[in-house]
Every structure is written in structure tokens, then in C-alpha cells.
Amino acid sequence: MFTLSFPDGSKRDYDAPITGLELANSISKSLAKKAIAIKRNGRLDDLAAALGEDCNVEIVTRDSDEALELIRHDAAHIMAEAVQTLFPGTQVTIGPVIENGFYYDFAREEPFHLEDLAKIEAQMRKIVQKNAPFTLEIWDRDEAVAWFKERGEDYKAELIEALPEGEEVRIYRQGEWLDLCLGPHLPSTAKIGTSFKLLKLAGAYWRGDSRNPMLQRIYGTAWRNDSELKTYLRNLEEAEKRDHRKLGREMDLFHFQEEGPGSVFWHPKGWTLFQQLIGYMRRRQHGAGYVEVNSPDMLDKSLWVTSGHWEKFGENMFTTTTPDEREFALKPMNCPGHVQIFKNGLKSYRDLPMKLAEFGKVHRYEPSGALHGLMRVRHFTQDDAHIFCAEDQITAECVKVNDLIISIYHDFGFDDVRVKFSDRPEKRVGSDEVWDRSEAALKHAIDKAGVKWTLNPGEGAFYGPKLEYVLRDAIGRDWQLGTLQVDLNLPGRLGAFFITPEGEKHTPVMLHQANFGSLERFAGILIEHHAGRMPLWLAPVQVVVATIVSEADDYGRKVLEALDKAGIRTEIDLRNEKINYKVREHSMAKVPAILVCGMREAQEGTISVRRLGQKYQKVMPLAEAIAALVAEATPPDLRED
RNA sequence: GCUGCUGUAGCUCAGGGGUAGAGCACUCCCUUGGUAAGGGAGAGGUCGAGUGUUCAAAUCACUCCAGCAGCACCA
């Protein structure tokens, strides 16, 4: 006898094993109809799975969140069957569920074409209509390998061979077709519904390793119903409108051109935004005890060899040979330069922690396929800083850095920052003992700071473990912004030391930190976050004064002058156009405030304020309007409240 | 870097073996109009670059460059 416990707290005893479907049926016919899987002690399983022991059990219906995962998983299987039906000889590899959808990687000589997606989708709909049941079979490992090999499915055979010893070989059959799979699955193909769509084609390396052959990946999305699918597709379209590359062009912020791949041409408006970011960061750094420095853009190659950068990143550095045949490299980082500044002149323990900050333009020859608007460029400005300290100061300094970064992001409206902890990579400098210490120190610090983090194994910098502060762009892609790294290696390699109270030479620890990270990338993220509608303090043009009739132009100029004096970035529109036209144009240009004046305002000394996104305007005395704008345009770190 | 796709006017895009088209933007003229497009006229392109096929290439083929999506990479 065994007992099943249900979500509502009730319990029932059973003498013989019972399947999920039987259980659902025993509760109610309607539940059985909606049931698509069970959850046993919190883990999903097939509806056909037998329950024979004490456990908590829950019937999963199609309305649940778990259903989405199952639908997408099944859709991947169905897509694989469809592809193999239409393109015999194609090998299947893996096909997992991802956020908002699924993909499957195929091995096939001939490339798929975009037009093929519609055919595959049509075939999928046929398979759905057949309503073939998904059934689980446990196969003998050797037989399974032989079976797949016989059919030319070398990748699947490899996957089975790679299964840990003692693990079952689970095969799910759907009609004629079958696949190796952990499951669980829906009861049958029709249960996935018809709300799916194949979206894109791409290449992807077998097992994620660029030394392996490239497979062909087909991405799809699947939802519970058409309205969910429609909403998702519409959101995708909306997100594309926020793309900073598109907005950058429309708002005249920056551009790229063929001669400078991965290099930004900042236009006056974009550069204004950029300068606001720098100004803000300078204030924050100053307030936190940093001093700003500037180090050379180009340094002798030997320095990069000593630091270890050459060994790891030599191929990604821009170099130049001078007429006297010295080889120089454009700096890909500021740290070696900052170490030189630290080394210049004897440093005492009294100087620690020493915090050097720089807005340095760094140059990295990024692979062509990695370039992406402002997010990934070959020349970018790092707001990076290096804290030289003693080992017993690491924790306290890291906690301060973390607090600073979080507070900075908060000022920009980013409250959902994710933090990843990346530990030692394969290719690294320094002994394991040093790595043990630096990883432990950083971990200790973030835990002390009370930050939630996830582990990113093996993704640390070559000289030390790192925290990555990650934000998401409009289309859901993640980008690293800030970082904090504990480095017990470079200072020693570059010969930095300080004098201890005992009068001994000691190697300092270096904390690498970047708050914005890349200013270019941060600007890109900001633009997407606000869909171009920047908060007043950041907007390149904060106010446009627009006159209704040319008799009001003189008054308009006075308004401009007053705003200028108040430090508001203002433009004036005296063109011979109707006010509708001017309002439309500046609204589309995402100017936060349009100050309109006609003869009425000129006579009364007022102004009509129209804020971006609002349908109505407010007429108020000029001085009052300016005061309100000045208050709002104050950067968050300078506000009184 | 790899796979697939794309490259025509400032922007968005149509066209397609017989030496180029639309809308918006731009310039000029008329219009002085009260909160998201007043009217008219005009100007603007070696069709990404190179090579080849052809009587003829923006159109076809190849190479390169750049961009887009994804993968790999990201100090």
C-alpha cells in the first residue's frame, strides 16, 4: 500500500500502481481531459507514468506554466520528425527548449533555406493532426547505439555512448518516428496545439565547440494558444523598434560605416549623451574616493608580454611597428598602465587602498561576427578603475564597489541587474593556491554584500575571478556591463609593491572594476531601455522652443536665452511651419519637452509646455516652467531629495 | 572566425540582361497657421567594390568588403 498526497493537502491510499491518467480520471472526467502530465514530488513526468510509491502528486494541465515547456519540447521533436520526413538523410542531434521557444540542430550537407521553414511547418501540422501518442521505451544501450548507427545517425549514437554508465537509454516514440530523450512528453502530438511558428535558421557548432563541425539550427516558438503566440510575435516587433541601432540613426546620435567596422562615429547629440554619462560617473567616482588618471593608448609590446595579455589575447590586439622597428600595441585594457602609475614613486601601506580611475579608450580586434551596434565594438571607452590594496582589504573594498555599482544602476532605472560569478578559466596565470585565495575572497565579499549571484564556471579573467553585472537588451539578449575582478597575479607580474608598516616590500592586490563597463554599450542599453525617450537629465536636446507665428520669434529667442542660462540644453524652431508640424517632428525626435509660444504667451510672459508622450499641454509663467525643468534635469546623484 | 541571409537616393523600400523608381526627408516659392504631416515646384543615385560571362550587367557567375540572425569568442 502507498499514499499519494495532493496539492490541496488531501491524501489517498492505493493498493496497486496507478498511472497519472487513471488518477486524473478518478478525480474527474474534465480534469482527465485537460491533463497533460503529472508532477511527482515537484518533478514533471509523463501522464502515462505509473505511481507506485508514496509521493506528492499534482496533475499538470495545459493551462499551467509547465505546459509551455512540454509543448515546446514536443514541438522540437515534431519538427525533427518533419525535417527527416522532408529531407531524408538529415541527422538529428539535440533539440532543447529555450526561453520562448525551442530549437533543433540538424546535420545535413545541403543548407536549409528560409523557404524550407514553411514546408517544415506544414509537415509539422500534419504530424500534429495525426495525434500520434508519445510512448516511452527503455532500450539496451548497445542495441540503441547500433540502431542509430545503422541509420546513419552518428550524432545520436555518440550522445547515447556519452550517457553516464548506468543511466537508462530512454527512447520516445511518436508514431513511426523516435528519438533519444529524457522526457517527459505530452500524451500525444495533437496536444501541442497549433500555436507554433518556425522563426529562423542559423549555424551552431556541435557541442558548442568551434573546433567541431557546424550544424544547422532551426529556431521556433510555441505557445498554448494563438493569442499568446500573437502577443509574443507582436512583442518581438515592438522590441525591434527599440533597437538602439535603429534609434541611433533616427535620433541622429551616431553612425557606423564600412571603413570603420566596429567603430562608432558619435554625432553631436550622441556625444552629448556620452558626456552626460562621463560627467555622472566622474562625480560618483570622486565621491567614492577614486582619482582620475590617463594612461597611454599605445605601449611597447613587451609590457603586454609581461602582463600575460599577449599570450592570451595577442591575436586580438591592434599592433603597429614604428619606423625604428619597435612593436607597439594599442591598449586593450587600462590595467597595465595603471600599474605603471602605481609603481611610479614608492608607495606605502598608508597609500592603500589607492583607487585609480580612467575613461580610457581601449582597442580590441573583436571577431567580425561578434560586432553588434554599440554593444560590441572594436574601440570603446571603459570607465575602468583599479583599486590597489592589501589582501586584508579585499572584502571591504569589494563590498564598497558592489554597493557603488548597484547604486549607479539604480540611478539609471536598472533595478533587475543579474550578477554572475565567474571562476578560474582553463587558460590562466598564477598558481592554484593564489586562485583559491582570490575566489574565496570575492565570494566572501559578495555574500557579505548580500548579492544574489549565479555561478558561471570557468568564465573568469585569465588573471582572476570576476563578477559580471548583466543587463538585457530590447530583444532579450544579455550583455555584461559592470565587472569586479580580484587579481592577485598582475601586480606581481608587473613588479608592483608597497612598503608595509614593518618596512618590507609587499605585492598589492589589484581589484579591476568597471561600472558602466563600456560606455558605448551602456549607452546602447540605455537607449533600448528607454526606447529612445531619455529621461530629461540625459536627453541630448532637453527642450525645443517652437514659435507659432513669426511675430513671436523675438519672445521665443528670449525663452531660449533664459533656458540656456538655466543650463538646459535647448534648441529653437523658428521655421515657417505650422505648429502641428513642429510638434509632430520634435515629438518623433523624442525631445522630452516642447515649449510653444505664440503672441498670447509673448504678451503674458508665459509658455505652453508640452511633454513628450502627453496629449495636452500646460500654460504657465516662463520662470515657473524653467524652474520645474531645472529641477527635473538635475542628475539623480545631485538631487536634494 | 563559422553557417545562412542581405547590400538600389539621407531614411524605408519596389524593380530587375537593353545604361533607374515610390513615399518620407532635403532645397525653393506660396502660406503666419494655436499643439502629431498646409499647398506647389525642384534637386538628388558610377544600384557595396572588383573580376568574369555577354553585342549589352544594377540585374547572371565568382572573389572581396560591410551589415543582419545565430553559433563560437568577449582581457
Side-chain angles (χ1 to χ4, degrees), chain A residues 103 105 111-114 116 199-219 240 243 245-246 249-250 252 255-262 304 307-317 331-336 362 364-373 375-376 382 384 425 427-429 459-464 466 468 475 477 479-480 483 485 487 490 512 514 517-518 521 546-553 576-588 594-601 608-610 612-617 619:
Chain A
Y103 69 76
D105 286 348
F112 290 116
H113 297 282
L114 234 42
D116 296 332
L199 296 175
K200 51 194 178 188
L201 274 172
Y205 296 108
W206 168 235
R207 300 201 142 157
D209 190 329
S210 59
R211 289 167 299 194
N212 288 340
M214 184 158 266
L215 308 171
Q216 298 189 62
R217 177 172 295 179
I218 301 177
Y219 284 93
E240 275 163 26
D243 189 317
R245 293 166 296 187
K246 191 175 156 71
R249 208 173 25 243
E250 287 170 5
D252 195 17
H255 86 269
F256 292 90
Q257 63 188 49
E258 288 201 9
E259 292 84 350
W304 304 106
S307 71
H309 286 90
W310 190 262
E311 161 81 16
K312 177 122 204 249
F313 292 110
E315 284 185 359
N316 300 306
M317 285 165 74
K331 65 174 170 188
M333 295 191 75
N334 294 316
C335 34
V362 296
R364 299 177 179 180
Y365 181 76
E366 302 283 10
S368 56
L371 301 179
H372 185 98
M375 306 298 197
R376 193 80 181 270
Q382 257 193 339
D384 84 336
K427 214 170 162 185
R428 59 180 183 262
V429 298
E459 297 295 321
F462 73 87
Y463 46 72
K466 70 174 180 184
E468 293 176 47
I475 338 224
R477 288 176 287 220
W479 299 95
Q480 177 195 310
T483 182
Q485 305 162 6
D487 180 359
L490 289 190
H512 303 242
S518 150
R521 177 179 293 177
T547 52
I548 294 170
V549 290
S550 34
E551 282 81 60
D553 286 0
N576 174 15
E577 296 292 351
K578 290 197 169 179
I579 195 60
N580 291 25
Y581 185 90
K582 294 184 183 182
V583 166
R584 175 182 155 83
E585 194 161 276
H586 301 301
S587 297
M588 290 201 308
I594 304 172
L595 266 51
V596 175
C597 52
M599 287 318 288
R600 216 152 56 216
E601 288 78 6
S608 168
V609 181
R610 184 184 171 115
L612 183 60
Q614 287 179 3
K615 277 207 160 145
Y616 303 100
Q617 55 280 352
V619 178

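Letters go in sequence order (proteins before strands), and every chain restarts at 1.
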| Salt bridge or not for A:R376 and A:E366, using N-O below 4.0 Å? | yes

| query | Roughly how far apart are A:E468 CD and A:E459 CD, rounded to 0.5 Å? | reply | 7.5 Å

| said: Applying a 4.0 Å non-hydrogen cut-off, can you work out what A:A461 is touching in the nucleic acid: base, sugar-phosphate, or nothing? | reply: sugar-phosphate

| In chain order, what residues pass the side-chain hydrogen bond (donor to acceptor under 3.5 Å, both in side chains) check against A:H113, with sequence neighbours excluded? | none

| remark: In RNA chain B, consecutive runs of at least three Watson-Crick or G-U pairs below 3.5 Å, as range with range, amount to B:1-7 with B:65-71, B:10-13 with B:21-24, B:26-30 with B:38-42, B:48-52 with B:60-64

| said: Between B:G1 and B:C60, how many Å separate the two P atoms, rounded to a whole number? | reply: 25 Å

| field | CG-OG1 distance between A:D384 and A:T483, expressed to the nearest 0.5 angstrom | value | 10.0 Å

| task | Would you please classify the geometry between the A:H309 ring and the A:W304 ring as parallel, tilted or perpendicular, with 30° and 60° separating the classes? | result | perpendicular

| query | Could you state the CZ-P distance from A:R477 to B:C73, rounded to the nearest angstrom? | reply | 17 Å

| message | Can you check the distance between B:A14 and B:U54, where both ends of the measurement are the C1' atom (answer in whole Å)? | response | 27 Å

| B:G1 OP1/OP2 closer than 4.0 Å to side-chain N/O of A:S368 | yes

| Distance check: side-chain N/O of A:H372 vs OP1/OP2 of B:G67, anything under 4.0 Å? | no

| field | P atoms of B:U3 and B:U63, separation to the nearest Å | value | 12 Å

| query | Taking the P atom of each, how far is B:U46 from B:G70, in whole Å? | reply | 34 Å

| Short side-chain N/O contact from A:R245 to OP1 or OP2 of B:C68, under 4.0 Å | yes

| request: Take atom P in B:C47 and the same atom in B:G4, then report the distance between them in whole Å. | output: 27 Å

| message | Treating primed atoms plus P, OP1 and OP2 as sugar-phosphate and everything else as base, which nucleotides of nucleotides 43-48 of chain B get B, S or - for protein heavy atoms under 4.0 Å? | response | ------

| request: Would you indicate what A:G208 reaches in the nucleic acid, counting non-hydrogen atoms under 4.0 angstrom: base, sugar-phosphate, or nothing? | output: sugar-phosphate

| query | For A:R207, which residues count as a side-chain hydrogen bond (donor to acceptor under 3.5 Å, both in side chains) partner, sequence neighbours excluded? | reply | A:E158

Within the sub-3.5 Å range, which N or O atoms of nucleotides 9-15 of chain B have a protein N or O partner, and how far apart are they?
from  : atom 1 : to     : atom 2 : distance (Å)
B:U12 : OP1    : A:R249 : NH2    : 3.0

| request: Write down the distance between CG (A:L201) and P (B:C68), rounded to a whole number of angstrom. | output: 19 Å

| said: If I pick the C1' atom on B:G21 and the same atom on B:A9, what distance separates them, to the nearest angstrom? | reply: 10 Å

| query | Taking the same atom, C1', in B:A56 and in B:C2, what whole-Å distance lies between them? | reply | 39 Å

| remark: A:L371 CG to B:G70 P, in whole Å, measures 14 Å

| Do A:R376 and B:C73 share a donor-acceptor pair, side chain to base, under 3.5 Å? | yes

| Protein-nucleotide distance (A:F462, atom CZ; B:C74, atom P), rounded to Å | 12 Å

| task | Determine the interatomic distance between C1' on B:A57 and the same-named atom on B:U51; round to the nearest Å. | result | 13 Å

| task | Going 5' to 3' through nucleotides 33-42 of chain B, assign each nucleotide B (protein heavy atom under 4.0 Å from a base atom), S (under 4.0 Å only from sugar-phosphate atoms) or - (no protein heavy atom that close). | result | BBBBBS----

| Base B:G70 to side chain A:Y205, donor-acceptor N/O within 3.5 Å cut-off | no

